[in-house]
Every structure is written in C-alpha cells, then in structure tokens.
Amino acid sequence: MQQKPYNAQDIEKKWQTRWQNEGAWNCSVDAQKKKYYVLEMFPYPSGNIHMGHVRNYCIGDVIARSKRMQGFNVLHPMGWDAFGLPAENAAIKHHVHPAEWTYANIDTMRSQLKRLGYSYDWRRELATCRPEYYRWEQEFFLRLLDKGLVYRKKAPQNWCPSCHTVLANEQVIDGLCWRCDSQVEQKELTQWFLRITAYGEELLADLDLLAGKWPERVLAMQRNWIGKSLGCEVEFSLPSPVDGTTSLKVFTTRPDTLFGVTFLTLAPEHPLVEALIRGKDNEEEIRDFITRIRNMDRLDRQAETLEKEGIATGASVLHPLTGKAIPIWLGNFVLASYGTGAVMGVPYADQRDFDFAKKYALPVIPIIEPKDGLPSEQTCAMTGEGTMINSGEFNGLANEEAKLAITKKLESLGKGKASVQFRLRDWNISRQRYWGAPIPVVYCEHCGVVPEKPEKLPVLLPLDLKVLDDGRSPLPQEESFTSCTCPRCGGQARRETDTMDTFMESSWYFARYTSARESTAAFSAEAMDYWLPVDQYIGGVEHAILHLLYARFFTKALRDLGIYPKKLAEPFSNLLTQGMVLKEGSKMSKSKGNVVNPTEMIDRYGADTVRLFCLFAAPPERDFDWSDAGIEGSSRFLARVWRLFMDSGQRLLPVAACSATAQDATTTLLKDLRRKEHETVKKVRDDLCERFQFNTAIAQIMELVNAMYLAREKMGQEPHEKRIFSSAMATVLTLLSPVTPHLCEELWELMGHKGRLGDEGWPLVDERALEKDLLNIAVQVNGKLRANISVPAGLDQKALEEAALANDSVKRHTAGLGVKKIIVVPGKLVNIVAK
RNA sequence: GCGAGGAUGGCGGAACUGGUAGACGCACUGGAUUUAGGAUCCAGCGGUUCAUCCGUGGGGGUUCAACUCCCCCUCCUCGUACCA
C-alpha cells in the first residue's frame with residue numbers, strides 16, 4: 001500500500017458527500033427495532049455557529065452513532081429556533097427583513113454544521129418561523145383556549161423598555177431583561193396567559209420520575225422555581241365589616257406559631273388597605289408611606305439590604321382562637337403577589353417579624369420552648385423545634401404536631417384551612433413584537449374576543465412589513481393585517497397584533513421532528529407513538545428553568561388535550577447539561593476578542609480533530625478551556641493513527657474488529673495485544689454508550705494505539721500475526737468511528753472493506769480474551785504497598801499468601817513482627833497485617 | 001440564608017461497587033533519527049533525606065485498607081431569596 005499523508009479536508013468532503021447521497025442517516029419508524037431518540041437543543045440562527053454549538057452537537061453525534069452501532073433505530077434531527085428578537089434588531093441595523101436575515105443565517109449555519117459531519121436526518125429539518133410549523137402552534141393555542149388553559153388578564157406586567165415588549169417572570173433575571181439586561185419596568189396591560197400553574201403540582205411531582213436521569217441541580221432549580229409551600233390559610237375576622245369584607249386571610253407555613261401572633265402585616269398594595277385607613281387620624285401619613293413604597297424601584301424594593309419599614313393602620317382584627325385584638329400594620333417587605341398579600345407577625349419565631357417588632361416596640365409572645373429552655377433574653381427569632389407553651393389547649397404538644405392540631409382546630413371553627421402555595425406564576429405569552437407567531441384571535445365590536453376558526457389557520461405573519469426604526473412592531477399599524485372579519489358574526493373586527501413568546505415554539509419542536517413533513521396534522525400519531533419521548537436531550541444548563549419547564553408543561557397540556565400519547569409524562573427522559581467552552585478561563589465573547597471560530601479550526605485541522613478535541617478535553621458536563629496546544633495534541637493523535645495504518649502496509653487484512661481468534665494468539669505478545677483489544681472494546685462501550693464519558697473512552701483507544709506501536713516492532717508477518725494486528729486495527733477504527741467518522745471510514749475502505757464502517761455492529765468482547773496467565777498482585781504490609789509480585793493465574797489463596805510472604809521486601813517489613821491476618825483480594829492484592 | 005455541584009501533579013483530567021493514587025493528553029527533560037530545525041519514534045516526569053518517609057482543600061473518625069464511607073470546618077462555582 002502506498003504511503004499517503006493524512007489530508008483531512010479531502011477525506012471529509014468525500015465522506016460527507018457520500019453520506020448525503022446515500023441518505024446514510026435517514027431513519028423511519030420500524031417496529032421491529034428498538035428506537036433511540038437523541039436530541040441536541042436546536043440553535044437560534046444568529047449568524048455563525050460557535051464552539052458551544054460544536055461541543056453540544058459533537059456530544060449528540062457520538063451518542064447517535066454509538067447507539068446506531070449498538071443496533072438501535074436512531075432519530076437524530078436538527079432544526080432552527082428561528083423566531084426572535086435578534087432578527088428584528090438586525091433588521092434595523094442592516095436594513096434587511098428579519099425573514100431574509102434569518103433564512104440567510106440558517107443557510108450559513110447549516111453548511112457550517114454539515115462540515116462537521118454530524119449524522120442528522122436532514123429531511124426532518126424545521127424552522128419555527130415557517131407557517132407550516134407555527135400554524136400548529138396556533139392550533140394548540142386555540143385548543144388550550146377552549147380548555148381554559150389560555151386566558152386573558154389585565155395585570156401589572158414585566159415590561160422591557162428596550163425590547164418594547166412584556167416578559168414572562170422566568171425571563172426577568174435580577175430585575176433585568178434576560179436578553180438585553182435593561183431594567184424591567186411594571187406596566188399594566190391586558191395579556192394572554194398560559195395556565196402553567198394548573199400543572200404546578202404535576203410539574204413538581206414528576207421531577208421525581210427524572211431523579212438520576214436529569215442533573216440534580218436542574219431538578220433543584222425547577223423545584224425551587226415551582227416553590228411549593230405547605231401551610232395553612234388563617235382567617236382573622238374584622239371587628240366590623242369594612243367595605244363589605246368581614247375578614248383578612250393570611251397564609252402561613254407555621255400554624256403552630258398562631259398563639260405568638262402580635263400583629264398582622266399587609267402589603268401596601270393589598271386591596272383592603274384603602275378602606276382600612278379611610279378616616280383614620282393619620283390617614284395622610286399612611287398614604288404618604290404607601291405612595292413612597294409603591295413608587296420605589298422594584299429592584300431596590302426587593303434588595304436584601306432594604307430596611308424593614310412599616311406603619312400602623314390603626315385598624316385591627318380578632319385572633320381566631322384567642323379573640324384578642326391584633327393591630328394591622330403595613331410593611332414594605334410584604335409581597336402582594338405571594339400568598340394572600342398579608343402575613344401574620346410572629347416575632348418570637350420569625351426573624352423578619354422579630355426585627356420588625358423590635359423596631360416598632362411590638363410585643364413578643366414565646367410560644368415554643370426549646371429543649372434547653374427559654375433564653376433569659378431573646379436576641380433573635382427562635383426557629384427551632386420545641387414544646388408548645390402559651391398556646392391554650394395545645395400546650396405541651398411538640399410544635400410539629402401542633403401544626404396539624406391547630407390547622408384542624410381552625411377548620412372545625414371555619415376560621416382556616418390547610419393550604420398550598422406556589423411560587424410559580426402563569427406564563428404570559430403575549431409579545432409586542434413582529435418576528436413571532438401571530439396569536440390567532442380577533443377583537444369584534446359585537447362579540448368581543450373571538451378565536452380564529454381552525455380551518456382559517458395559519459394566521460400568516462405578513463412578510464412585506466418593515467420593523468419600525470425604534471424597534472416597535474409594525475403589525476398594529478398595518479391595516480391589511482389588523483382588519484378582518486369576525487369568525488362568529490362576520491362583522492368588522494380587529495386582529496390581535498401581539499405575537500407569541502418564542503419559548504412556545506421550542507416547547508414542542510422535539511415532537512414535530514418525528515413527522516416534520518406531515519402537512520395534514522401537527523404529528524403523525526404512529527411516528528409520535530414510536531419515537532417519543534426523547535431518550536437523551538443535550539444542551540446548556542442556562543435552559544434549566546425557562547425552556548425545560550415550559551416544554552414539560554406543554555407536554556402535559558398537549559397530552560391532556562389528546563394530542564400527545566396518553567402515556568407521555570415527560571418529554572425528555574434523560575438530560576445532559578454540557579459545560580461551556582471557555583478561552584483563558586472566561587466565556588468567549590466578541591468584546592473580549594477571545595472567540596475561537598470553529599470554521600477556522602476545521603480549515604486548519606479538519607472536522608475530525610475538532611470533534612476529537614471537543615470530546616477529549618474534559619467530561620461533557622464540565623466547562624473546559626479551549627487550548628491551542630490541546631487541539632494540536634488531538635491532531636497529532638489522528639496523524640498517529642493514520643501513520644500506524646499506513647506504515648503497516650502488508651500486515652493489514654480486511655478483517656472485522658475482534659475477529660482474531662484465541663488460536664491466532666500463539667505468543668505472550670500476541671495474547672497481550674489481543675487482550676488489550678478486548679479490554680478496550682469493553683471499556684469504550686461503557687464510556688461511550690452508558691456513562692457518556694467520552695474523554696476516558698478516547699484515552700482507552702489511545703492506549704490501544706500505543707500498544708499496537710510497541711507490539712508491531714516485535715511482530716513478524718505470519719498469517720496469524722497479521723490477523724491479530726489487523727483485528728486490533730479494525731477495532732481502533734470501529735471504536736473511534738463515532739468520534740472521528742471521516743478518518744475511520746477512509747481507513748476502513750483502504751483496509752479493503754466494501755461496506756460502510758458506520759453499518760458495522762459493535763464488536764463483541766470475548767471474555768476469555770481478558771484472562772491473564774500471569775497476574776500482577778500488589779502486596780501490602782499493614783495497608784502500605786511493599787511489593788508487586790507476578791504470579792500464575794488460578795493460584796489458590798494459600799499459595800498466593802506464601803508467594804507474598806516470600807517476597808524480600810515483604811520479609812523486611814514483617815521482620816520481627818507476628819503475622820496477625822492476611823487479606824486477599826482475588827486477582828488484585830494481598831494485605832498482610834503484622835504486629 | 002437556603003439549594004446544588006466542586007477542590008487530586010506545572011496544566012486538563014483518570015481511579016465506576018473502599019483494594020497498587022496520578023490512566024490518557026498537554027507542558028517539560030533526555031535519547032534515537034536529522035547538516036540543522038521541525039516532524040517522528042523511544043524513555044523519564046507528585047514531593048523527598050530515594051530499599052525511606054510524605055502526599056487527593058483542612059481536622060477528626062470507621063476499616064486490614066479511604067480520593068472513595070461518617071462527623072466537623074475552609075474555600076470556589078452555579079442557582080435562588082424579605083416566599084410568610
């Protein structure tokens with residue numbers, strides 16, 4: 001065979017073309033085969049792919065290719081999350097239409113992805129901005145509306161002044177817009193909401209189904225975000241009705257502290273405040289307080305450092321169990337949006353209430369005696385467990401028991417009930433943006449809000465509009481869009497001009513891939529039944545709450561609408577959150593000028609080297625620092641594999657991996673090489689297919705290559721020797737092929753094989769090949785390593801002990817000591833306990 | 001504060017159920033080859049007073065044996081927070 005240098009560019013082009021022509025990665029429903037659906041989070045078509053994408057998709061591709069070799073029918077698709085604000089910003093900046101910009105970016109990025117040789121079924125490619133896609137979303141919207149899971153509500157909303165749109169709660173991060181970091185304002189608007197809270201309980205409970213399959217921290221973040229609290233709603237009655245209201249409700253997780261209540265605190269926004277303070281002596285003063293608090297910046301008001309402030313209203317309520325009058329205060333720390341907007345003040349057991357009581361000289365009633373007794377002077381709230389005191393009939397109970405007892409008592413009196421609170425709020429999906437899917441409703445003068453008829457879908461987003469220079473949507477001004485007839489009465493009506501949050505599109509795209517070209521329905525039932533759920537989902541941890549929570553909710557809602565299969569509880573069975581690709585310890589960014597361009601790297605080293613390095617540099621879930629020396633090393637390894645192959649010339653026979661037999665292994669050298677081959681198959685199978693530890697899989701293959709270099713020097717060219725060597729070579733190519741498919745296919749072909757390496761099955765390990773004639777046994781004396789001895793396999797315990805004791809070093813370390821005990825770990829170690 | 005994760009050579013990282021700590025790679029050193037450099041191949045590479053002793057953030061403990069299990073502490077990263 002003639003020596004050829006490794007030319008990655010030519011090889012990669014050749015195989016990518018061949019794969020495409022052969023439709024190598026096309027898949028379809030096959031009830032005879034076990035399916036495996038591997039999915040990477042689809043990209044936003046921002047312009048160019050970056051290293052984060054490359055890493056994400058390399059992980060997915062190795063899994064897809066490995067699973068195929070394992071005999072699974074693999075679905076591995078790719079598409080574009082194509083609606084969104086950056087397209088509009090680009091439109092303003094570069095005077096292009098968002099659609100034009102988006103489709104051009106998709107073309108660029110698709111060709112960049114293709115250069116990496118990912119094994120996608122491109123026939124299933126989708127872009128969420130196409131009417132063929134979003135029309136189904138509009139249909140889901142209507143069906144959810146019909147089911148009462150979509151509703152319209154006027155409320156203060158998160159408003160980003162720079163993006164000219166509202167934001168969902170999940171999209172406000174530290175009071176700033178998740179996308180542009182602008183300070184988010186509150187604005188009263190009528191908006192469309194998805195009733196995600198109806199699924200709060202299930203979204204929380206089903207996280208248990210994902211335990212061990214999703215990263216613990218993602219589960220924790222979701223639990224946290226849903227924020228379920230068990231407690232009690234307590235009703236404090238007013239001495240006389242105020243504006244027709246007879247009582248004030250508070251939510252507490254500590255009903256056991258009810259007898260310690262010495263005041264009630266209301267949010268300044270509480271609906272009853274106005275009536276409560278009317279006519280009070282210091283009404284003006286109270287009003288000033290309320291105005292001041294309400295006008296405070298939202299961020300400042302929520303700041304940890306904000307001092308607790310309050311004012312007495314002069315009004316009071318009656319304690320539900322003692323009947324004592326309890327003064328009502330207003331407090332700047334009470335949130336109108338959580339619970340009932342009112343809290344009971346228990347300074348003894350709550351630090352916040354304690355501080356508040358100290359500041360305003362309010363009384364403290366001890367109600368739980370800790371194990372070590374009451375402190376002579378209380379300097380902070382007592383939050384620990386103990387025995388009830390000063391609590392009437394509940395005295396003497398453990399406070400944990402009292403929680404239930406007091407709740408029951410309140411229930412029997414009709415003054416309270418067990419209650420659950422969630423932090424989760426409904427999902428505002430209205431966006432005052434142009435580049436999104438239109439919300440399919442109209443406003444009719446006679447009929448009011450009317451849903452569009454399903455047969456009229458899609459409500460097309462007009463593409464002949466220009467985004468306004470200040471970034472606002474052109475839709476409200478566009479007569480041809482807004483003007484329409486009412487689906488109900490046929491009269492003049494106006495179309496909704498808000499579009500849907502783009503997180504709607506990403507909440508169901510994974511299901512659309514199962515039948516992406518279906519035009520008569522959103523999904524083909526057969527395909528969906530077969531492929532869903534996604535077996536392995538891969539993406540960045542930044543989506544831990546937003547996207548993953550929405551997609552989980554959507555899945556449950558669509559299941560309940562009968563759209564998804566009944567049995568589908570969760571969309572993503574397993575989740576891998578990959579780490580970031582850093583440069584010099586920090587995130588790559590244009591402003592820092594530390595961006596490593598994947599295309600440049602492919603030009604210089606080839607896609608296989610880039611793929612190899614991305615997977616070898618670190619375990620997938622960890623961040624890794626891009627290193628120029630590191631990728632050189634990966635490049636060197638592939639050149640080394642190439643050279644090993646090329647320099648082996650006549651030794652190479654067109655054999656399969658693990659094809660050499662035990663009879664071929666006539667010498668220790670050959671046996672050792674064959675053992676190494678089979679050890680490698682075993683380890684790599686585990687690391688690639690089960691543990692997703694690609695770095696150690698690659699390390700193991702490197703070991704085999706190193707062993708082949710050494711063995712080759714000492715090997716002859718007898719037929720059985722050729723078979724041993726060629727088998728090992730075939731194994732290297734087979735195991736490495738999910739990582740560096742182009743190189744491996746090329747060498748496979750040069751080896752003389754007719755079929756594609758990608759169609760080979762996973763090599764079978766011969767367990768007997770793993771056995772050794774001589775075992776290397778570590779000998780310890782009192783737990784410290786003192787010798788390594790080589791013994792024949794199959795030695796019994798006694799003989800092994802004798803061999804260990806006979807060792808010089810061991811003799812030295814046991815000299816003068818009595819051997820108390822000998823522990824033998826078969827095949828590994830002998831520990832001699834001597835005193 | 002609460003929740004999750006982490007700390008191992010000069011560096012990235014191995015060690016899966018407790019059983020030879022540092023696989024593999026990078027960097028470095030030496031040798032071979034070469035006019036030279038590069039590339040390549042081979043070897044070395046935690047520290048040390050080198051047949052010793054010390055070493056997996058620190059301190060205790062369990063065990064014949066601990067990176068691994070238990071208790072306490074420090075630091076780092078991420079998330080979250082007047083949530084009643």
Side-chain angles (χ1 to χ4, degrees), chain A residues 173-174 215-225 227-229 231 250-254 257 265 267 301-308 331-335 337-346 350-353 355-356 383 421-423 541-542 544-545 612-613 616-619 621-625 627-634 636-637 639-640 643 647 683 686-687 690-691 693 695-703 705-706 709-710 713 776-788 808-809 812-813 820-835:
Chain A
I173 297 165
D174 294 335
E216 189 49 49
R217 70 168 167 153
V218 174
L219 297 175
M221 280 161 76
Q222 294 228 347
R223 273 190 204 107
N224 222 315
W225 189 264
K228 180 181 177 179
S229 300
V250 302
F251 173 74
T252 180
T253 54
R254 294 292 307 272
T257 65
T265 320
R301 189 169 161 190
Q302 302 231 331
E304 194 175 353
T305 47
L306 182 71
E307 201 183 324
K308 279 152 208 47
N332 62 345
F333 58 89
V334 183
L335 304 173
S337 57
Y338 185 78
T340 61
V343 289
M344 57 187 216
V346 185
D350 182 279
Q351 188 58 43
R352 202 184 36 201
D353 295 342
D355 295 341
F356 196 78
T383 53
Q421 285 293 325
F422 284 88
R423 210 186 80 107
V541 75
E542 65 273 17
I545 294 173
L612 178 69
F613 181 58
F616 181 60
E621 65 281 359
R622 221 179 288 193
D623 288 351
F624 89 83
D625 214 52
S627 126
D628 295 332
I631 193 168
E632 284 288 345
S634 291
R636 213 175 296 158
F637 171 67
R640 193 167 146 84
R643 226 176 298 113
D647 294 349
K683 164 93 173 145
D686 236 39
D687 286 354
E690 311 300 330
R691 301 202 312 147
Q693 296 292 296
N695 54 331
T696 50
I698 294 164
Q700 182 72 32
I701 299 170
M702 286 172 168
E703 283 191 54
V705 170
N706 291 344
Y709 262 94
L710 293 180
E713 297 309 306
N776 187 29
I777 303 289
V779 184
Q780 298 180 332
V781 177
N782 293 327
K784 290 194 173 182
L785 182 69
R786 295 304 178 193
N788 267 302
D808 283 348
S809 170
R812 204 159 349 100
H813 285 95
K820 295 273 179 227
K821 197 169 158 190
I822 300 181
I823 285 129
V824 177
V825 182
K828 282 203 166 157
L829 163 146
V830 176
N831 187 14
I832 296 156
V833 186
K835 270 194 176 164

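Just so you know, these numbers come straight off a predicted model, no measurement behind them.
For the pair A/K784 NZ and B/U63 C1', the interatomic distance rounds to 16 Å; values are reported in whole Å. Across the protein-nucleic acid pair, A/R217 atom CZ and B/U80 atom P stand 11 Å apart, rounded to whole Å. In this structure, the CD atom of A/Q222 is 14 Å from the C1' atom of B/U80, given to the nearest Å.
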Treat primed atoms plus P, OP1 and OP2 as sugar-phosphate and everything else as base, then score nucleotides 11-24 of chain B 5' to 3': B for base contact with protein heavy atoms under 4.0 Å, S for sugar-phosphate contact only, - for none.
-SSSSB--BB--BB

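At the heavy-atom level, A/V343 lies under 4.0 Å from base atoms of the strands shown. Among the heavy atoms of the strands, none lies under 4.0 Å from A/R223. Within the 4.0 angstrom heavy-atom criterion, base atoms lie near A/V334. Contacts of A/G630 with the nucleic acid, taken as non-hydrogen atoms under 4.0 Å apart, are absent.
A sub-4.0 Å separation between OP1 or OP2 of B/U52 and a side-chain N or O of A/H813 is present. Contact between the side-chain N/O atoms of A/R786 and the OP1/OP2 oxygens of B/A51 is not found at any separation under 4.0 Å.
Shown here for A/I777 and A/V830, the closest heavy-atom pair between the two residues is CG2-CG2, 3.8 Å.
The side chain of A/L710 lies closest to B/A43, out of B/U40, B/A43, B/U52. With B/C42, B/U52, B/C64 as the choices, the nucleotide that has an atom nearest any side-chain atom of A/Y709 turns out to be B/C42.
Centroid-to-centroid, the aromatic rings of A/F333 and A/F356 come within less than 6.0 Å.
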Output field dot_bracket for RNA chain B (Watson-Crick or G-U, both distances under 3.5 Å, | for other-strand pairs) contains (((((((..(((......[....))).(((((.......))))).((.....))..(((((..]....))))))))))))....

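A donor N or O paired with an acceptor N or O is not found under 3.5 Å between the base of B/C64 and the side-chain atoms of A/K820.
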